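Here is the naming used below: chain letters follow the sequence lines, and residue numbers restart at 1 for every chain. Note that the structure is predicted; figures quoted are calculated from it, not measured.
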Number of protein chains: 2
Amino acid sequence: MSDARSTSRSTRSGDMAGQMAQAAGDSGRGAIIAAAADCFMEAGYDATSIDTVADRLGATKGRVYHYYRSKAELFYDVYRRGMAINLSTIEPIVKNDLAPREKLAVMCRAHVRNMLEHLSYQRVVMQGVEMHLAGSTTPAQREKLALLMKERERYEGLFRLVLVEGRDQGVFHFSNASFASKAVLAILNNPVLWYRRRRGDEKTAREEIVETFTGFALNSVAAGANSN
Amino acid sequence: MSDARSTSRSTRSGDMAGQMAQAAGDSGRGAIIAAAADCFMEAGYDATSIDTVADRLGATKGRVYHYYRSKAELFYDVYRRGMAINLSTIEPIVKNDLAPREKLAVMCRAHVRNMLEHLSYQRVVMQGVEMHLAGSTTPAQREKLALLMKERERYEGLFRLVLVEGRDQGVFHFSNASFASKAVLAILNNPVLWYRRRRGDEKTAREEIVETFTGFALNSVAAGANSN
DNA sequence: TTGTGATCATACTACCGAGTATGTTGTCAA
DNA sequence: TTGACAACATACTCGGTAGTATGATCACAA
């Protein structure tokens, strides 16, 4: 009954220091989430056993199951973390009062940077989508996944918002806003499928990817062409 | 030694009739491939057991293992079939002597139609990419997967070819041809992630998707904008 | 008619991994 | 100092599934 899985730990209030920040959140779960993200990214959901995650932590199953009721819930938490990263990046930008075209540009750049920066989490998000397309066995898990997908749709909605605003002002052009947002995000997400971290400071290489794919995304919905 | 797994069956020369055509190829494997494609699409690779595939065939494991040495090889064959469908559709178009812009348009439309028409196979192709990103355990399987990825790259190369040709003529604009082809295909593949077959004649709905996403793809690399 | 091989079905093994049950240690509070 | 509980580690169960071994039919060929 008195189970850490349900108690929202207080992290000993006042001990904000020592937070390596690499994986924030409530200490305890944080390290597990980070390790799981790496494992899921490298081997995929099914091929990753709880023992694998534990090994990476230098621990055993006991530690993981102390915080998570099941493997699926651990996965969900990693997914949520990934979406949280994305949402916390984009939402402030949407609130700015930039012109639609510039606002979308900033959003696109930020999104691609997130893809490259937090690769493991983003790959987990992709796996979550695949998992949803497939039938995650139990109905209970389907509901959970459905909730996560709502988060994703909400994220997509932020882009749709700016797109529609831009269309009204004549800077964008498309017939179906939902399709447009999907197309834009499809481009921006693409690097997740092939990007790999390099040694040294490949900052310039990353920025090239950011600029290039942002350019494609903006072009795809730009007004002035003769399509749609 | 005398194993059906290695002998290229002759299909009893002269018996070309009775080919339901729904799943061509050498009779025997054909039905298995089709059933496997459906299963993989509905439940994903790991969640699909050989027994699941056999059940759908109204048969047992014995039949599947008679033609395939392992579950992985069955998957590879489904993947190959999917890529074969795509290649056989696009290659003739590339050989035509259309102007780059029109040629690309035709290619895009054909590609999206394939996505919608052969959904199960295309989803398997996507899973193959994910599988390659993850680490398919044994080195032997990694090699096999690497070969399949070469096929995919070759397919992408067909698009790259037309894109470069168009850039030389000034109708397309981009700095990195590889990135451009990835962006275009990212858009065109997107419907696979959410499209579902409907009842009745949804031909018009499908064609709307085809036209819309083709439009986005063409726009993304169109010359005339101020990006890149 | 016999035997040979293709085409399956049946029955079995072997293992891996999710989940559980329980033990151990440290810490804090009263 | 002594419970009480958090935070793990250890040891086990148990179901599902890939792969195998073997048996049963059937067609066709000699």
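- Of the two residues contacting DNA chain C, namely D46(A) and G62(B), the nearest-nucleotide position lying further toward the 5' end is that of G62(B).
- At a non-hydrogen distance threshold of 4.0 Å, A59(B), T60(B) from residues 48-60 of chain B come into contact with DNA chain C.
- Out of dT7(C), dT20(C), dT20(D), the shortest distance to the side chain of H66(B) is found at dT7(C).
- Ring geometry, F75(B) versus Y45(B): the interplanar angle exceeds 60°, so the pair is classed perpendicular (tilted spans 30 to 60°).
- Distance NZ (K71(B)) to C1' (dT20(D)): 17 Å, rounded to an integer number of Å.
- Summarising the geometry, the separation between OH on Y65(A) and C1' on dA11(D) is reported as 15 Å, rounded to the nearest angstrom.
- One finds no salt bridge joining E117(B) and R113(B) here, because no Lys/Arg side-chain nitrogen approaches an Asp/Glu carboxylate oxygen to under 4.0 Å.
- A donor N or O paired with an acceptor N or O is found under 3.5 Å between the base of dA18(C) and the side-chain atoms of K61(A).
- Of the candidates V94(B), V164(B), L188(B), F159(B) forms a side chain to side chain contact (heavy atoms under 4.5 Å, CB included) with just one, namely L188(B).
- Taking 4.5 Å as the limit, some side-chain heavy atom of M115(A) sits within range of a side-chain heavy atom of N86(A).
- Separating the CZ atom of R63(A) from the P atom of dC8(D) is a distance of 5 Å, rounded to the nearest angstrom.
- Atom P of nucleotide dA18(C) and atom CZ of F75(A) are separated by 14 Å, given to the nearest angstrom.
- Annotation: H111(A) is not in aromatic contact with F213(A) [ring centroid separation under 6.0 Å not met].
- In this structure, CE on M149(A) lies 15.0 Å from OH on Y155(A), to the nearest 0.5 angstrom.
- Distance, Y68(A) OH to dG17(C) C1': 20 Å, rounded to whole Å.
- When each of dT7(C), dA18(C), dC8(D) is scored by its nearest atom to the side-chain atoms of Y67(B), the top-ranked nucleotide is dT7(C).
- One can place CG of L74(B) at 14 Å from C1' of dG19(D), the figure rounded to the nearest angstrom.
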